[in-house]
Amino acid sequence: MRISEELNFIDTFGTQGYDSRMSSYPFEQIELKWQKYWEDNESFRVTEDPKVPEDKRLYVLDMFPYPSGAGLHVGHPEGYTATDIYCRYKRMNGYNVLHPMGFDSFGLPAENYAIKTGTHPKVTTEANIENFRKQIKRLGFSYDWSREISTHTSEYYRWTQWIFLKLYEKNLAYESETPINWCPSCHTGLANEEVKDGKCERCSTTVTRKNIRQWILKITEYADRLLDDLEELDWSESIKAMQRNWIGKSHGASVRFPIENSDEVLEVFTTRSDTLFGATYMVIAPEHPFVHALTTRECSEAVHEYVSQAAQKSDLERTDLAKDKSGVFSGSYAINPLNGTKIPIWIADYVLASYGTGAIMAVPAHDQRDWEFAVKFDLPIIEVLKSDQGVKVSAFTGDGIHINSDFLNGLDKQEAIDTMNEYLKEKNIGEPTVSYKLRDWVFSRQRYWGEPIPLVHCDSCGIVPLREEDLPLTLPEVESYAPSGTGESPLSTIESWVETTCPACGGKAHRETNTMPQWAGSCWYFLRYLDPKNTEALAAKEAMKYWMPVDLYVGGAEHAVLHLLYARFWHKVLYDLGIVDTKEPFQRLVNQGMITSFAFQKKDKTLVSVEDAEETGVDTFAEKGTGEPLERVIAKMSKSLKNVINPDEIIDEFGADSMRMYEMFMGPLQVSKPWSTSGLSGVYRFLDRVWRLSQKGISEEKADEDSIKLLHKTIKKVGEDTDSLDFNTAISQMMIFTNELYKKETLPREVWEPFILLLSPYTPHLSEELWAMAGHAPSVSLQPWPQYIPELTVDDTLEIVVQVNGKVRARFDAAKGTDKELLLSRALEQERISELTEGKQIVKTIVIPDKIVNIVVKG
RNA sequence: GCCGAAGUGGUGGAAUUGGUAGACACAAGGGACUUAAAAUCCCUUGCCUGUAAGGGCGUGAGGGUUCGAGCCCCUCCUUCGGCACCA
């Protein structure tokens with residue numbers, strides 16, 4: 001389409017509606033116009049086009065948000081903008097890109113609100129979704145909205161329940177009595193986040209533990225695969241490390257200790273089987289099943305007292321009090337299986353019931369915790385590894401030569417471990433064992449607002465899963481969302497829902513009343529996007545084959561462990577069932593940094609809100625009223641510090657394009673960085689400059705050589721940096737380009753149009769407008785990415801730096817590719833250099849072509 | 001304590017991975033335009049020294065490797081994130 005027709009076209013799009021001489025660009029009009037255009041034309045709808053070759057299919061995923069009542073936070077658009085730019089860039093490079101958005105819409109806040117106000121969580125949630133969607137759309141992201149999902153809808157959770165049935169069929173779900181955080185005053189279970197300093201967030205009553213029947217998923221069965229398959233993933237080392245750490249695989253040995261006057265055998269896990277001769281006592285956790293059996297009559301009172309105290313303590317208290325070891329003697333003795341020595345068995349909460357076997361052999365000479373305990377309770381310490389420091393002041397945990405250890409004497413640590421493990425196996429008193437920190441996943445919540453677990457308890461058949469065709473099992477209406485008071489879910493109070501018939505025998509049965517945790521829906525949502533309307537399967541096999549795995553997943557590091565581990569676990573189960581074809585769901589993961597804010601700090605390190613601080617000079621601040629000097633520091637955004645930035649207000653004032661570009665310009669995507677509104681205005685000024693540039697009118701004249709070269713350098717830099725998600729440096733290159741172009745008299749089409757294309761992933765609204773103004777039909781997002789000519793990205797003449805003894809002393813220009821000899825002789829000719837080298841001996845010269853000459857002199 | 005990431009001007013941050021430290025932007029100062037202000041445009045801007053040319057110092061601290069270190073190695077300090085009696 002050429003100029004004559006264009007005017008007509010532009011008019012239909014209303015481009016002439018604004019005053020072109022305005023000093024600031026009409027972002028509001030432009031943004032609304034193009035958002036409407038994209039929506040009306042479904043510009044970003046994507047299909048599984050079989051003509052697109054496999055390596056040109058790209059799945060780019062954002063972590064979907066929980067639609068909170070507070071609305072969008074500036075942190076959300078950061079990751080979303082990054083992926084949006086990347087997607088737009090990739091589309092322009094010929095990729096078929098799937099880029100969906102949805103909502104993780106089951107969650108505690110809506111339920112708590114319901115308890116308070118009686119409003120159905122669905123009503124609150126859907127209103128919040130509405131608001132979120134509106135806010136997200138204001139930023140002009142290129143999502144395929146036709147694939148939007150919400151996890152709380154029955155069409156969605158039908159499949160969450162279906163996957164649960166598969167887990168159940170595979171014996172990966174079991175019931176167990178497990179403790180929850182219990183508030184004795186509210187009569188309700190609490191999530192960890194509702195427990196503050198060991199107290200209930202709402203009523204400040206000390207939280208205790210209460211055992212309750214729960215559903216558990218056997219994630220531990222997948223521990224090794226979750227660990228090993230990390231290798232193949234393109235994730236940051238720190239996130240991989242966190243996952244490895246969480247899984248916590250450690251190699252050791254289990255050793256069986258006979259108990260004196262008993263047939264029972266106490267099994268322990270140790271990574272230091274080589275120190276077995278140094279074991280002077282045993283410790284079992286207060287929750288260990290043998291506690292009762294091992295406690296002698298004389299000790300029972302003390303043990304009973306200790307165990308019940310431990311039970312009342314919250315996890316936090318237990319770890320807090322940990323600095324001072326506590327424990328009690330059971331009265332029983334174990335026998336060291338190597339030499340028959342009698343060793344006392346203690347009960348202490350520094351041993352965790354949930355790790356290893358819940359029992360240890362204590363070797364105080366070579367384990368610091370055991371050492372502290374032994375010193376406190378005056379237990380013997382036997383040194384079995386020779387060291388310079390000895391074991392008088394602390395345990396020796398290093399490597400050394402074994403002593404007092406019979407057949408291990410003279411061996412070092414690793415040799416001794418190997419020898420001992422061999423020996424244990426041979427004598428059948430133990431064997432090499434692997435232990436994990438990872439525990440099975442408590443998969444039930446005593447809540448209303450979650451997916452009902454699709455099982456019934458039948459009087460005659462026991463636990464019976466629902467039939468697949470009976471899914472979804474929907475949430476019933478309840479009168480009150482308040483907790484039942486027994487620790488059970490509010491669902492348990494609805495008799496008409498609970499009472500049902502058994503799918504197997506047709507007899508009387510009652511429904512499971514636990515619901516699933518919020519993690520459930522997010523474990524597989526990326527699969528539903530592939531085929532969101534499917535009623536026959538969670539997604540069609542072909543769609544999964546077409547898109548999976550996710551090529552790029554961007555989100556906050558706060559989900560580094562749980563969400564990512566749970567989703568990987570479910571994915572592996574689905575893989576084993578043949579439902580998905582990839583072992584891992586997320587090939588590449590990038591964690592965006594947090595957007596922080598400035599706050600002010602007094603000398604005593606207390607924080608002062610932004611409102612209470614004033615600037616008293618260049619970067620000096622004082623508290624209003626008192627005049628106390630303050631230091632500017634970086635802090636998390638929080639209501640109390642009054643430093644929360646609301647994206648809606650930013651968009652109102654500066655426009656979505658400025659908001660998007662500023663968030664990318666602040667610094668590298670992966671690191672956290674402080675919000676600065678003056679920094680934002682710098683980006684706004686840049687876009688305003690671009691706009692004013694366009695008002696010059698496009699010239700059909702040839703551009704000068706400098707402009708052409710700069711353009712090609714810019715194409716190269718912006719392309720490469722966008723591809724590697726280094727958006728901040730790509731933007732700075734575009735600024736350099738604009739600054740140069742601004743100095744020119746004219747605006748040549750041959751450099752202006754490619755520049756609009758470079759800009760378009762970053763500021764799509766403005767770029768669509770500029771593209772239309774240049775006389776083209778929409779959409780700029782369908783244009784191919786400009787290509788650079790490599791020869792035009794390098795300068796013909798380069799500045800050569802001359803150093804003497806490593807210090808820069810002179811510079812001169814030389815043609816690119818000038819040979820070494822010439823560079824050296826020209827360097828020596830420099831006035832300053834001859835001054836400095838005169839009368840001195842040149843020891844060595846280093847010439848790096850096109851860069852540097854270094855002359856080393858002596859004397 | 002352990003694991004991970006990071007320390008660069010007044011501020012946010014660049015630096016082709018060993019070759020000109022401070023790109024780009026903010027803030028600040030000066031100037032132009034204006035009756036004035038805003039907006040815009042131009043200039044200065046790491047620190048010290050010097051009229052200037054120049055010189056010295058400078059990437060958390062100290063050491064090392066190298067012709068040459070923000071980048072590599074060792075020790076230490078600080079900040080942030082995660083885990084926290086894991087046997």
Side-chain angles (χ1 to χ4, degrees), chain A residues 22-24 236-246 248-250 252 268-272 275 283 318-319 321-323 325 348-352 354-363 367-370 372-373 435-439 557-558 560-561 591 593-594 596 598 615 617-620 632-634 636 662 665-668 670-683 685-686 688-689 692 717 720 726 728-736 739 742 799-809 811 832 843-848 850-857:
Chain A
M22 266 171 147
S23 67
S24 86
S236 76
E237 208 34 58
S238 71
I239 298 288
K240 284 191 190 181
M242 278 190 224
Q243 293 225 340
R244 282 192 198 106
N245 206 280
W246 191 265
K249 184 177 188 175
S250 75
V268 303
F269 173 74
T270 177
T271 54
R272 294 296 304 273
T275 61
V283 183
R318 275 168 83 145
T319 47
L321 294 173
K323 275 145 204 154
K325 296 264 178 302
D349 66 5
Y350 84 91
V351 169
L352 308 175
S354 55
Y355 183 73
T357 61
I360 61 157
M361 62 174 208
V363 184
D367 181 285
Q368 189 58 28
R369 296 155 299 182
D370 297 345
E372 283 164 20
F373 191 85
S435 194
Y436 300 89
K437 280 201 261 185
L438 182 69
R439 297 178 212 165
E558 64 272 21
V561 181
N591 291 111
M594 207 188 345
T596 53
F598 288 115
E615 198 162 359
V618 179
D619 265 281
T620 55
R632 192 167 78 162
V633 294
I634 288 167
K636 283 185 192 175
Y662 173 62
F665 185 61
M666 290 170 81
Q670 293 88 341
V671 306
S672 73
K673 46 223 171 250
W675 180 274
S676 143
T677 302
S678 57
L680 169 72
S681 65
V683 168
R685 276 208 281 271
F686 164 63
D688 195 33
R689 266 160 87 86
R692 277 180 284 126
K717 177 89 178 143
E720 287 171 356
D726 295 312
N728 53 333
T729 47
I731 293 168
S732 110
Q733 183 63 36
M734 290 192 274
M735 287 173 168
I736 293 171
N739 290 345
Y742 213 77
E799 191 177 49
I800 306 297
V801 169
V802 190
Q803 298 182 331
V804 177
N805 289 348
K807 294 199 172 188
V808 180
R809 298 299 180 185
R811 299 147 203 271
R832 189 77 198 118
V843 186
K844 190 173 181 182
T845 58
I846 295 100
V847 182
I848 310 291
D850 295 342
K851 283 210 169 113
I852 203 163
V853 178
N854 190 7
I855 299 157
V856 185
V857 297

Check your understanding: Is there a donor-acceptor contact under 3.5 Å from the side chain of Asp367(A) to the main chain of Ala362(A)?
Key ->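 Looks like no, no N/O pair under 3.5 Å.
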Exercise for review: Report yes or no: does Tyr662(A) contribute a side-chain atom to a donor-acceptor pair with the main-chain N or O of Thr677(A) at less than 3.5 Å?
Suggested key: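 Flag not set: sc Tyr662(A) to bb Thr677(A) has no pair under 3.5 Å.
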Do any side-chain nitrogens or oxygens of [X] fall under 4.0 Å of OP1 or OP2 in [N]?
| X | N | value |
| --- | --- | --- |
| Ser238(A) | G81(B) | no |
| Lys807(A) | C57(B) | yes |
| Arg809(A) | A53(B) | no |

Given atom [atom1] of [X] and atom [atom2] of [N], what is their separation to the nearest angstrom?
| X | N | atom1 | atom2 | result |
| --- | --- | --- | --- | --- |
| Lys851(A) | G19(B) | NZ | P | 7 Å |
| Tyr355(A) | C85(B) | OH | P | 12 Å |
| Asp367(A) | G1(B) | CG | P | 17 Å |
| Met242(A) | C80(B) | CE | P | 15 Å |
| Gln670(A) | G81(B) | CD | P | 18 Å |
| Ile848(A) | C67(B) | CD1 | C1' | 10 Å |
| Glu558(A) | C80(B) | CD | P | 18 Å |
| Leu438(A) | G82(B) | CG | P | 19 Å |

Check your understanding: Relative to each other, are the rings of Tyr355(A) and Phe269(A) parallel, tilted or perpendicular (30° and 60° limits)?
Key -> perpendicular
Review point. Do Lys325(A) and C85(B) share a donor-acceptor pair, side chain to base, under 3.5 Å?
Key: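 Side chain to base: pair present.
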Tell me what [X] touches on the nucleic acid: a base, only sugar-phosphate, or nothing, going by heavy atoms under 4.0 Å.
| X | value |
| --- | --- |
| Asn854(A) | base |
| Ser681(A) | nothing |
| Lys636(A) | sugar-phosphate |
| Ser672(A) | sugar-phosphate |
| Lys437(A) | base |
| Arg244(A) | nothing |
| Ser676(A) | nothing |

Check your understanding: Taking for each residue the nucleotide of RNA chain B with the nearest heavy atom, is it Glu799(A) or Tyr662(A) whose nucleotide lies nearer the 5' end?
Key ->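 Whichever sits nearer the 5' end wins; that is Tyr662(A).
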Using a cutoff of under 3.5 Å, can you pull out all pairs of nitrogen or oxygen atoms linking the protein to nucleotides 21-25 of chain B, with atom names and distances?
| residue | atom | partner | partner atom | Å |
| --- | --- | --- | --- | --- |
| A25(B) | OP1 | Asn739(A) | ND2 | 3.0 |

Set out, line by line, the N/O atom pairs under 3.5 Å between protein and nucleotides 63-66 of chain B.
none

Check your understanding: Passes side chain to side chain contact (heavy atoms under 4.5 Å, CB included), Lys240(A) versus Gln243(A)? Steps please.
Key -> CA-CA 5 Å; Lys240(A) 284 191 190 181; Gln243(A) 293 225 340; 5.8 Å; no
Review point. In terms of side-chain heavy atoms of Arg832(A), which of A87(B), C83(B), G54(B) is nearest?
Key: G54(B)
Review point. Mind checking the P distance from A27(B) to A36(B)? Whole angstroms is fine.
Key: 24 Å
Point to revise | Nearest-angstrom distance, P atom, A61(B) to U78(B) | key: 15 Å
Check your understanding: Once Watson-Crick and G-U wobble pairs under 3.5 Å are found, how is RNA chain B written in dot-bracket notation, 5' to 3', with | for any base paired to another strand?
Key -> (((((((..(((......[....))).(((((.......))))).((((....))))..(((((..]....))))))))))))....
Exercise for review: Sequence neighbours left out, what passes side-chain hydrogen bond (donor to acceptor under 3.5 Å, both in side chains) with Ser672(A)? Give chain and number order.
Suggested key: none
**Study point:** Under the side-chain hydrogen bond (donor to acceptor under 3.5 Å, both in side chains) test, residues paired with Gln733(A) that sit two or more places apart
**Key:**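 Thr714(A).
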Check your understanding: If anything within 90° of 0 is syn and all else is anti, what is G46(B)?
Key -> anti
Point to revise | Ile855(A) side, atom CD1; Lys844(A) side, atom NZ - distance, nearest 0.5 Å | key: 13.5 Å
**Study point:** Letter per nucleotide, 5' to 3', of nucleotides 47-52 of chain B [B base touched, S only sugar-phosphate touched, - untouched; heavy atoms, 4.0 Å]
**Key:** ------
